[in-house]
Amino acid sequence: MTDAPAAYDTTAIEAKWQAAWDEAELFRADRSEAPKYYVLEMFPYPSGRIHIGHVRNYTMGDVIARYKSSCGFNVLHPMGWDAFGMPAENAAMAFGGHPKDWTYDNIAVMRGQMKPLGLSIDWSREFATCDPEYYGQQQALFLDMLEAGLVYRKPAIVNWDPVDMTVLANEQVIDGKGWRSGAEVERKELTQWAFAISDMAEDLLAGLETLDKWPDKVRLMQENWIGRSRGLQMTFPLSAPTHGTDGIEVYTTRPDTLRGASFIAIAPEHPLARALAADDPDLAAFAVDVRKGGTTEEALEKAEKRGFDTGLTVDNPLGGTLPVWVANFVLMDYGTGAIFGCPAHDQRDLDFARKYDLPVTDTFVAVSDGHPVGDVAFVPPKTEAVRWLNHPLDLDVATGQHAIDATIDWAEAEGIGTGRVQYRLRDWGLSRQRYWGCPIPVVHCDDCGVVPERKENLPVRLPDDVTFDVPGNPLDRHPTWRDVACPACGKPARRETDTMDTFVDSSWYFARFTAPRAETPTDHDEADYWMNVDQYIGGVEHAILHLLYSRFFARAMGRTGHLPQGTEEPFNALFTQGMVTHAIYQTRDAKGRPVYHLPEEVDLDTKTVKATGETFEIIPSAKMSKSKKNVVDPMDIIASYGADTARWFVLSDSPPERDVEWTAAGAEATHKHLRRVHRLATDIARADRAPNAADADLAKAAARAIHEVTEGIEGFAFNKSVAKLYEFTATLHKSDAGADARRDAMRTLAQLMAPMTPHLAEEIWALMGGEGFVARAPWPKADPALLQDDSVTLPVQVNGKRRSEITVPKDMPKPEIEAMVLADDAVQRILDGAAPKKLIVVPGRIVNVVA
RNA sequence: GCGGGUGUGGUGGAAUGGUAGACACAUCAGACUUAAAAUCUGAAGGGCUUCGCCCGUGCGGGUUCGAGUCCCGCCGCCCGUACCA
């Protein structure tokens with residue numbers, strides 16, 4: 001800092017411009033005549049402090065928001081807090097205090113950390129989902145959805161901790177045991193509220209086709225998740241009816257393999273299995289035993305396949321009988337809770353058959369080398385032709401898909417079963433046995449049953465006087481809150497003590513932002529103007545659940561009159577940014593359970609924990625998570641280098657959609673560059689040099705920079721825009737052009753940097769005598785004439801290997817290029833007098849000589 | 001287990017089927033300086049018999065005049081797997 005006027009004082013510069021933007025209310029979004037643009041990043045969970053992933057995510061959104069604003073759009077860019085959830089209750093249990101205080105304190109801290117980033121956010125629209133004004137409107141939505149038949153009650157399976165006597169979240173089940181008690185978790189059935197999302201499966205599937213600005217991978221993941229399949233529903237008659245049942249109804253997606261069926265398997269929760277267990281202690285014990293463990297699909301799929309032979313048999317319509325087993329891998333939730341096992345063509349069934357010595361019958365074999373199945377099931381793609389053995393329709397060579405369709409037709413004609421479309425998508429269970437969530441606004445009355453709370457009584461507020469000293473839901477043991485008069489008959493009744501899944505909160509916040517203070521969930525005119533979200537940005541970890549639920553809610557809100565038509569798909573464009581990952585430093589406690597350490601708590605040179613000297617294990621590249629203590633605090637960077645450095649840093653180097661492993665190195669180098677730009681600007685502001693021949697070259701470089709930086713922003717390739725800006729800065733730095741030309745170029749550089757480093761850009765803009773805010777200056781346009789080059793350099797390959805290059809006029813005709821290539825020294829040397837077999841000229845790109 | 005991604009120098013990464021390594025970081029050398037820092041200039045994938053050649057984009061095959069890119073089969077890592085948000 002030898003040159004005082006050139007000092008790049010980030011603290012002063014950034015505070016000055018943030019105050020100026022606030023003063024001018026630059027980012028307030030009001031309806032206007034201009035075309036609107038709604039950019040939204042997934043709102044954060046108030047975990048305590050912002051981390052570098054937030055900075056990356058919100059900076060990306062800000063680049064888009066500022067860029068679109070420069071392009072003349074009326075931009076809406078709001079921010080809020082996904083504020084209900086388990087961590088607040090966990091904190092209350094661990095450290096005392098109240099979830100509400102914990103949450104609002106965290107929000108205050110995080111808002112205070114985000115504001116210095118200089119994001120172009122309309123903070124006047126801010127809300128938290130735990131604000132009664134928000135969740136009260138959510139309760140109103142719930143009541144309307146209840147009336148519209150979109151919500152209902154049904155039995156659902158939960159993780160039950162038999163020691164703490166409480167329901168556990170999946171992440172609280174570790175290796176099948178409760179995280180606090182260590183007790184073996186059981187699967188327990190409770191009556192739960194559910195949204196009828198599967199009724200909309202077909203529409204949600206069809207809607208994916210219209211989302212052409214969504215990543216293909218997200219659409220594919222949702223398609224697979226919804227999982228439409230057409231199969232056969234059929235009943236196998238019991239050889240001897242028992243327990244009031246004369247047959248077992250089965251749903252199969254592979255009716256074509258009926259010939260290879262060797263057993264029937266039913267879920268332990270299947271009505272027949274329950275009836276049998278009532279008078280068979282062994283089966284009852286088996287059912288209890290396989291109920292141990294968590295409820296995740298992963299746990300169920302990976303669990304050892306176990307079965308119990310009921311001794312019953314059913315008749316196979318193709319002749320013979322099949323034994324009936326109770327099996328742990330059959331799910332009551334999917335299909336009919338009963339399957340027929342075809343071991344030859346399903347690995348799970350094969351493992352089961354081998355274990356219990358059941359027959360394995362091939363239904364089809366490969367066309368080329370048809371040998372019978374051993375220990376690996378033969379499961380070719382349905383589109384692949386195979387050779388059929390003893391198919392009821394005498395098929396010979398046909399694809400699986402053809403056989404499925406033909407078999408369904410045959411089965412319907414024979415009266416064996418019915419073709420049926422089935423979805424993998426299940427209804428969305430929304431009940432949570434927790435305090436810190438949106439209360440479900442209904443009352444249970446002995447006489448009237450489930451009675452909706454009256455809308456004028458909303459919000460049903462969470463009581464503040466609760467404690468977390470014992471496990472379980474405090475609402476359940478809060479008599480003055482829980483015990484109320486029935487809204488219908490006035491007799492003593494009980495409030496519903498379940499609260500809503502926090503996914504509900506985040507499934508409509510985008511709509512609420514269009515009118516965050518409205519007395520109804522939405523305001524028609526505001527929603528009509530601002531919806532849809534033009535660009536939504538979030539992590540790929542939300543590709544299925546959050547995004548699918550939001551699509552469902554947009555439809556449900558349309559049906560209940562809370563959103564206008566055309567908002568069924570609320571997010572026009574989606575960008576899934578990668579996560580910021582960081583190594584985890586882990587040791588283990590006396591019981592062998594993992595203990596995590598913050599980056600600042602460890603010594604990387606000796607690989608030991610500073611405080612204890614224990615050697616730690618490094619788990620590389622894990623998703624940042626507060627509980628794993630591998631979060632990085634961006635406030636350090638902002639404090640020492642300023643927000644523009646932090647912003648520029650998270651945009652550079654790594655492609656936005658890819659995960660980035662955070663390392664501290666590089667922030668300083670980023671800062672050096674910005675300091676260089678600042679110094680260059682002060683030099684140029686003072687420079688005095690006559691126009692000259694270099695002016696034209698600089699103008700050309702500026703045009704190319706405009707073109708490529710714009711392309712980078714439009715294509716969500718901010719790292720490429722940043723690279724181009726580095727290059728243009730170097731060109732400008734070295735340019736001998738006159739003072740006016742350099743000032744023009746510097747102004748362009750400031751504009752191009754403005755979405756990324758807005759404070760520095762304003763400073764330079766002012767220094768260059770720019771009018772008003774650079775944030776309000778129209779986005780620069782490149783003169784197409786300056787983007788053209790007169791000549792082009794073509795690499796010359798021989799047999800695909802680069803051997804030389806030629807520089808030719810842009811429009812040189814092919815024959816002349818060919819002649820030049822053949823005359824080239826390197827080409828002649830390699831051809832060694834022989835004539836080329838072929839000459840490929842790709843105009844403007846490359847020449848390849850085939851020798 | 002299943003579904004979806006991803007893999008390129010010491011590091012982050014660039015490359016509509018057309019010159020692999022742009023742009024940076026770190027490194028090294030030089031300039032300036034009494035010296036250091038800062039700043040500026042330059043070098044650099046690996047190798048060799050260096051006016052040039054060979055090898056090289058996780059591994060093994062294939063298509064093509066030409067493959068990091070397309071196809072087939074593996075391996076590693078990441079995300080999701082319905083009560084983490």
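Values below: all heavy atoms of this structure, side chains included; hydrogens, waters and symmetry mates excluded. Worth saying up front: this structure is predicted, and the values here are computed from it rather than measured. Within every chain, numbering begins at 1; the chains are lettered A, B, ... in the order of the sequence lines, protein sequences first and strands thereafter.
Looking only at atom types and distance, the side chain of Thr807(A) has a donor-acceptor partner in the side chain of Thr793(A) under 3.5 Å away. A donor-acceptor contact closer than 3.5 angstrom is absent between the side chains of Ser181(A) and Asp164(A). Side-chain contact of Trp436(A) with Thr502(A): a donor-acceptor pair under 3.5 Å is absent, judged by distance alone. Between the side chains of Asp505(A) and Gln138(A), at least one donor N or O sits under 3.5 Å from an acceptor N or O. No side-chain N or O of Gln422(A) forms a donor-acceptor pair with one of Arg228(A) less than 3.5 Å apart. A donor-acceptor contact closer than 3.5 angstrom links the side chains of Thr295(A) and Asn159(A). Residues Asp351(A) and Gln347(A) bring a donor and an acceptor atom of their side chains to less than 3.5 Å of each other. If you check the side chains of Glu496(A) and Trp193(A), you find a donor sitting under 3.5 Å from an acceptor. Remark: the Trp179(A) side chain and the Asp161(A) side chain contain no N/O donor-acceptor pair separated by less than 3.5 Å.
Note on Arg348(A): nothing from the nucleic acid sits closer than 4.0 angstrom, heavy atoms only. Lys217(A) comes within 4.0 angstrom of sugar-phosphate atoms only, judged by non-hydrogen atoms across all strands, and of no base. No engagement by Pro44(A) is indicated, since no non-hydrogen atom pair under 4.0 Å with the nucleic acid exists. Residue contacts shown for Leu220(A) are limited to sugar-phosphate atoms, with no base heavy atom under 4.0 Å away. Val796(A) comes within 4.0 angstrom of nothing in the nucleic acid, heavy atoms only. Nucleic acid contact for Gly578(A): none, since no nucleic acid atom lies under 4.0 Å from a heavy atom of the residue. Counting non-hydrogen atoms under 4.0 angstrom, His542(A) reaches a base of the nucleic acid. Residue Val850(A) is classed as a sugar-phosphate contact, given heavy-atom separations below 4.0 Å to backbone atoms only. Within the nucleic acid shown, Lys720(A) comes within 4.0 Å of sugar-phosphate atoms alone, with no base atom in reach, counting heavy atoms only. Gln222(A) comes within 4.0 angstrom of nothing in the nucleic acid, heavy atoms only. At the heavy-atom level, Ala543(A) lies nowhere under 4.0 Å from the strands shown. Using a 4.0 Å heavy-atom cutoff across all strands shown, Trp428(A) reaches no nucleic acid atom at all. As judged by a 4.0 angstrom heavy-atom cut-off over every strand, Leu725(A) is placed among residues making no nucleic acid contact. Using a 4.0 Å heavy-atom distance criterion, Lys837(A) is classed as making no nucleic acid contact.
For Glu668(A) and rC25(B), a side-chain-to-base donor-acceptor distance below 3.5 Å is absent, hydrogens and geometry of angles not being considered. For Gln433(A) against rC83(B), a side-chain-to-base donor-acceptor contact under 3.5 Å is present. One cannot find a donor-acceptor pair under 3.5 Å joining the base of rG3(B) and the side-chain atoms of Asn224(A). A donor and an acceptor atom sit less than 3.5 Å apart, one in the side chain of Asn848(A) and one in the base of rC65(B). With hydrogens and angles left out, the side chain of Glu297(A) and the base of rG1(B) share a donor-acceptor pair within 3.5 Å.
Separating the CZ atom of Arg675(A) from the C1' atom of rA37(B) is a distance of 11 Å, rounded to the nearest angstrom. For Asn799(A) and rG18(B), the CG to P distance is 19 Å, given to the nearest whole Å. Rounded to an integer number of Å, the gap from NZ of Lys734(A) to P of rC40(B) is 11 Å. The distance from atom CD1 of Ile544(A) to atom C1' of rA82(B) is 9 Å, rounded to the nearest whole Å. Per the geometry, CG belonging to Asp501(A) stands 9 Å off C1' belonging to rA82(B), to the nearest Å. For Lys672(A) and rA38(B), the NZ to C1' distance is 8 Å, given to the nearest whole Å. Atom CD1 in Ile840(A) sits about 13 Å away from atom P in rU64(B), given to the nearest Å. Spacing between atom CZ of Arg49(A) and atom P of rA85(B) amounts to 22 Å, rounded to whole angstrom units.
Comparing rA26(B) with rG7(B), their C1' atoms sit 22 Å apart, to the nearest whole Å. For rG60(B) and rG13(B), the C1' atoms lie 27 Å apart once the distance is rounded to whole Å. Between rU16(B) and rG21(B), the two P atoms lie 14 Å apart (nearest whole Å).
Of the side-chain N and O atoms in Lys801(A), none sit less than 4.0 angstrom from OP1 or OP2 of rA67(B). Between rA85(B) and Thr502(A), a contact under 4.0 Å exists linking OP1 or OP2 to a side-chain N or O. Using a 4.0 Å cut-off, no side-chain N or O of Arg803(A) falls inside it from OP1 or OP2 of rG66(B). Within the structure, a side-chain polar atom (N or O) of Ser654(A) is placed less than 4.0 Å from OP1 or OP2 of rG13(B). In this model, the phosphate group of rA15(B) is not approached by any side-chain N or O of Arg845(A) to a distance below 4.0 Å at OP1 or OP2. Taking 4.0 angstrom as the limit, Arg658(A) places a side-chain polar atom (N or O) nearer than this to OP1 or OP2 of rA14(B).
Here the two rings, on Tyr536(A) and Trp214(A), have centers that are 6.0 Å apart or farther.
The Thr296(A) side chain lies nearest to rA82(B) when the options are rU19(B), rC53(B), rA82(B). Proximity note for Ile846(A) (side chain, C-beta onward) versus rA24(B), rG18(B), rG80(B): the nearest is rG18(B). Set against rG1(B), rG3(B), rA85(B), the side chain of Glu301(A) has rG1(B) as its closest nucleotide. Closest to the Ala169(A) side chain, of the nucleotides rC25(B), rG13(B), rC83(B), is rC83(B). The side chain of His733(A) has rC40(B) as its nearest neighbour among rC40(B), rC54(B), rU19(B). The nucleotide whose nearest atom lies closest to any side-chain atom of Arg426(A) is, among rC83(B), rA24(B), rA82(B), rA82(B). Taking every side-chain heavy atom of Asn170(A) into account, rC83(B) is the closest of rG18(B), rC83(B), rA85(B). Of the candidate nucleotides rA20(B), rC83(B), rG52(B), rG52(B) has the atom nearest to the side chain of Arg829(A). Of the candidates rC83(B), rC84(B), rC40(B), the closest approach to any side-chain atom of Val167(A) belongs to rC83(B).
In this entry rA43(B) has rU27(B) as its Watson-Crick or G-U wobble partner, both defining distances falling under 3.5 Å. Summarising the base pairing, rG3(B) is matched to rC79(B) through a Watson-Crick or G-U wobble pair whose two defining distances lie under 3.5 Å.
With RNA chain B read from its 5' end, the first of the two nearest nucleotides for Val849(A) and Gln797(A) is the one closest to Gln797(A).
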